[in-house]
Chemist: 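Next up is a structure, given as structure tokens.
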Amino acid sequence: MKIPKYVPKFFGIVLVILFLVGCTTPITPTPPPPQPTLPPVKTLPPPPQPSPTLVPLASSMPTSLFKLIQTVQVIPDERFKDNTIPSVGGNILFVPATGNFIVMLKTFPPTTPLPLPPLNDPDNPGLDTCPRGVIGYKEYTTDMQPTGKYGYLSCATGDWNSLIIGNDIYVVKVWNEGPGTSDFWRLYKYDAVTWKKLGEVDIPVDNTQEISDGPTMSTINGLVTVSGEYFPGGRPDGPLGRGSHHHFVTTDLTLMGEKILVSPDVPAHTPEVTLQQLANGDILMFAASAYFYGDLVVLRFDKDWKYIDEHTLRSNAFFPLGSVTNGGYWFVAYIDVSTWKAGDPQWPAGDAPYRNVGLAAFDANWNLVQNEKVTDFDVVAAGEGRTEGEGPSVQLVGNRLYVSYTVSKFEAGSPKLISGETFVNVYELIQTP
């Protein structure tokens, strides 16, 4: 069939027109499929967080909470001989008015003393009348540098202890009026800046049940509190303690009575104890359990001495003679008796442990966080005298812990003490709450 020659021209014109229309007409995109309607999003509160713990996770816990940075020997020196009388002592106390430490000592003056201040004790007219030594002091800066200040305060007899409240130092000692007389406690008060004696008072002790040895001192309900061991019905033959007696004295030395804590009203415990009072009024007593050589425990009372509860801190420990807190951890200085030698001939009365000084940190739930060996003396060979760490106290100033203690050396084959040296260890806090 013959196609007319005008047809191709017609179709060409049509294609050109369609092309131009496509270039000028907008293309409407295909709408997306409808989305399902979702309910509005509800903002949820954050999940509950556990109460903050004082113990960091193991992955972030430092090697320790505190580390030893310094050890200073306090005595013997040119003015104080070593301590050859076994006793609690060597307390380190911080005086706010001077910004310095006082290390309290029970010792002897030198055989040939240098010019010394007079003995500040009306019971004794001179140093030559103190055959059992003197209670004295040395002053140190917070860097444990001696200031050169020292003094002798009172003749010593048996055990003694000391406490600071503000800028006043209180010293208690076991005393009596002579052979055959009953023991009592004599309490002195001194100004820790001028060392003027501000007064004294005698605290009666019932020697049939209240033990005068090893008095400890605390501040409870605003009162000076002197504590000792108590045996209802009389002192037993063995080393089992039963409870404690606590005598209260105002800061101006007025007697205010006493409190006896004994089983079954409270768990059996043995001093020597340390008492602390919390901001809410509760009283903490660091002590040993019924057995003389531990466990180490803490008993809690309300401000009226009503028993609340007890926690065991560690085994093989007793005499928690020092305790402080930085608000997050408790630091307790105590005697470690985990090194034990049965039937030691140096203690003919029976088995006895070797004593070492320990420093432990506990969190708010009384979990043990760190335990440090301040001394680490071990069993000695036959024919050698044993060496022990004793009488610790602790102070916290700034980010440093100061632990004072005595190293006692005994005669070979005998419990006789032949020398005692007083030291202060300084520990730096690595972590604070």
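Only a predicted model underlies this, so the values are computations on that prediction, with no experimental measurement involved.
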Chemist: Please round to the nearest 0.5 Å and tell me the distance separating atom CG of L65 and atom CG of N371.
Modeler: 11.5 Å
Chemist: Quick check: do F80 and L105 have side-chain heavy atoms less than 4.5 Å from each other?
Modeler: yes
Chemist: Looking only at atom types and distance, does a side-chain atom of S289 sit under 3.5 Å from a main-chain N or O of D295, one as donor and one as acceptor?
Modeler: yes
Chemist: Check D252 with K189, please: is the shortest side-chain N to carboxylate O separation under 4.0 Å?
Modeler: no
Chemist: Can you tell me how far the CZ atom of R400 sits from the CG atom of L429, to the nearest 0.5 Å?
Modeler: 10.5 Å
Chemist: Measuring from Y230:OH to H269:NE2, what's the distance to the nearest 0.5 Å?
Modeler: 11.5 Å
Chemist: Between D183 and N176, is there a donor-acceptor pair closer than 3.5 Å when you use the side chain of the first and the backbone of the second?
Modeler: no
Chemist: Show the numbers, then the answer: is there a side chain to side chain contact (heavy atoms under 4.5 Å, CB included) between Q70 and Y427?
Modeler: CA-CA 7 Å; Q70 188 180 14; Y427 299 88; over 6 Å; no
Chemist: Between F231 and I211, is any pair of side-chain heavy atoms under 4.5 Å apart?
Modeler: yes
Chemist: Would D77 and K138 pass as an ion pair if we require N to O under 4.0 Å?
Modeler: yes
Chemist: State, without any angle test, whether T406 and E390 hold a side-chain donor-acceptor pair at a distance under 3.5 Å.
Modeler: no
Chemist: What's the verdict on side chain to side chain contact (heavy atoms under 4.5 Å, CB included) for L261 and M285, showing C-alpha distance, side-chain angles and the deciding distance?
Modeler: CA-CA 11 Å; L261 301 174; M285 176 193 291; 3.6 Å; yes
Chemist: Say whether S393 and S404, considering side chains only, have a donor N or O and an acceptor N or O under 3.5 Å apart.
Modeler: yes
Chemist: Do any N or O atoms from the side chain of E210 and from the backbone of G228 form a donor-acceptor pair under 3.5 angstrom?
Modeler: no
Chemist: Do T375 side-chain atoms and V357 backbone N/O form a donor-acceptor pair below 3.5 Å?
Modeler: yes
Chemist: Can you tell me how the ring of Y307 sits relative to the ring of F301, calling it parallel under 30°, perpendicular over 60° and tilted otherwise?
Modeler: perpendicular
Chemist: Between the side chains of N221 and Q277, does any donor sit under 3.5 Å from an acceptor?
Modeler: yes
Chemist: Does the side chain of W330 come within less than 4.5 Å of W366's, by heavy atoms?
Modeler: yes
Chemist: Hey, does the side chain of D202 reach the backbone of L187 with a donor-acceptor pair shorter than 3.5 angstrom?
Modeler: no
Chemist: With a 4.5 Å limit on heavy-atom distance, are the side chains of V369 and Y329 in contact?
Modeler: yes
Chemist: Does T325 reach the main-chain N or O of G327 with its side chain, forming a donor-acceptor pair under 3.5 Å?
Modeler: yes
Chemist: Can you name the side chain to side chain donor-acceptor pair (under 3.5 Å) partners of D282, sequence neighbours left out?
Modeler: N280, R300
Chemist: Relative to the ring of Y190, is the ring of W195 parallel (under 30°), tilted (30 to 60°) or perpendicular (over 60°)?
Modeler: tilted
Chemist: In terms of side-chain heavy atoms, does N91 have a donor or acceptor partner in S162 at a distance below 3.5 Å?
Modeler: yes
Chemist: Between P320 and A287, which heavy-atom pair has the shortest distance, and what is it?
Modeler: CG-N, 3.6 Å
Chemist: Using modelled atom types and a 3.5 Å cut-off, is there a donor and acceptor pairing between side-chain atoms of N326 and backbone atoms of G328?
Modeler: yes
Chemist: Ignoring hydrogens and angles, state whether a donor on the side chain of K173 or Y188 is under 3.5 Å from an acceptor on the partner side chain.
Modeler: yes
Chemist: Tell me the closest heavy-atom pair linking A361 and F66, and the distance in Å.
Modeler: CB-CE2, 4.0 Å
Chemist: What do the steps show when you test I308 against D302 for side chain to side chain contact (heavy atoms under 4.5 Å, CB included), and what is the final call?
Modeler: CA-CA 7 Å; I308 299 175; D302 68 15; 4.2 Å; yes
Chemist: List the atom of V426, the atom of M144, and the distance in Å for their closest heavy-atom pair.
Modeler: CG2-CG, 3.7 Å
Chemist: Does a donor on one side chain sit under 3.5 Å from an acceptor on the other, for T141 and D143?
Modeler: no
Chemist: Testing the basics here: between N161 and P215, what is the closest heavy-atom pair and its distance to 0.1 Å?
Modeler: ND2-O, 3.0 Å
Chemist: What's the separation between atom CE in M217 and atom OG1 in T274, rounded to the nearest 0.5 Å?
Modeler: 12.5 Å
Chemist: Tell me the closest heavy-atom pair linking D191 and T194, and the distance in Å.
Modeler: OD1-N, 3.1 Å
Chemist: What's the spacing between S182 OG and N207 CG if we round to 0.5 Å?
Modeler: 4.5 Å
Chemist: Are V74 and E421 packed together at the side-chain level, in the sense that at least one heavy-atom pair is separated by less than 4.5 angstrom?
Modeler: no
Chemist: Would you call the rings of H245 and H247 parallel, tilted or perpendicular, where under 30° means parallel and over 60° means perpendicular?
Modeler: perpendicular
Chemist: Going by side-chain contact (heavy atoms from CB on, under 4.5 Å), F286 matches just one of L296, T216, L313, L321. Which one?
Modeler: L313
Chemist: Do T71 and N425 pass the side-chain hydrogen bond (donor to acceptor under 3.5 Å, both in side chains) test, and can you show the C-alpha distance, the side-chain angles, and the key distance before you say yes or no?
Modeler: CA-CA 4 Å; T71 297; N425 279 13; 3.0 Å; yes
Chemist: Would you verify whether the NZ or CZ of R386 falls within 45 degrees of the ring axis of F377 while also being under 6.0 Å from that six-membered ring's centre?
Modeler: no
Chemist: Over all heavy atoms of both residues, which pair between S263 and A268 is shortest? Give the atoms and the distance, please.
Modeler: CB-N, 4.1 Å
Chemist: Taking the side chain from N316 and the backbone from S338, do they hold a donor-acceptor pair closer than 3.5 Å?
Modeler: no
Chemist: For the pair F101 and F94, name the ring-plane relationship: parallel under 30°, tilted 30 to 60°, perpendicular over 60°.
Modeler: perpendicular
Chemist: Ignoring hydrogens and angles, tell me if any N or O in the side chain of S218 forms a donor-acceptor pair with the backbone of L275 under 3.5 Å.
Modeler: yes
Chemist: Do V95 and N100 have side chains that approach each other closer than 4.5 Å (heavy atoms only, starting at C-beta)?
Modeler: no
Chemist: Does the side chain of T387 reach to within under 4.5 Å of the side chain of Y354, using non-hydrogen atoms?
Modeler: no
Chemist: Is a donor on one side and an acceptor on the other found under 3.5 Å between the side chain of T250 and the backbone of T254?
Modeler: yes
Chemist: Working to the nearest 0.5 angstrom, can you tell me the gap between Q370 CD and D363 CG?
Modeler: 13.0 Å
Chemist: Among L253, V201, I165, which residue meets the side-chain contact (heavy atoms from CB on, under 4.5 Å) test with V224?
Modeler: I165
Chemist: Set out, in order, the CA-CA distance, both residues' side-chain angles and the distance that settles side chain to side chain contact (heavy atoms under 4.5 Å, CB included) for M104 and L153, then state yes or no.
Modeler: CA-CA 10 Å; M104 300 295 296; L153 301 177; 3.9 Å; yes
Chemist: Does any part of the side chain of I203, heavy atoms only, come nearer than 4.5 Å to the side chain of V226, both counted from C-beta?
Modeler: yes
Chemist: With no hydrogens and no angle check, do the side chains of T225 and H246 hold a donor and an acceptor under 3.5 Å apart?
Modeler: no
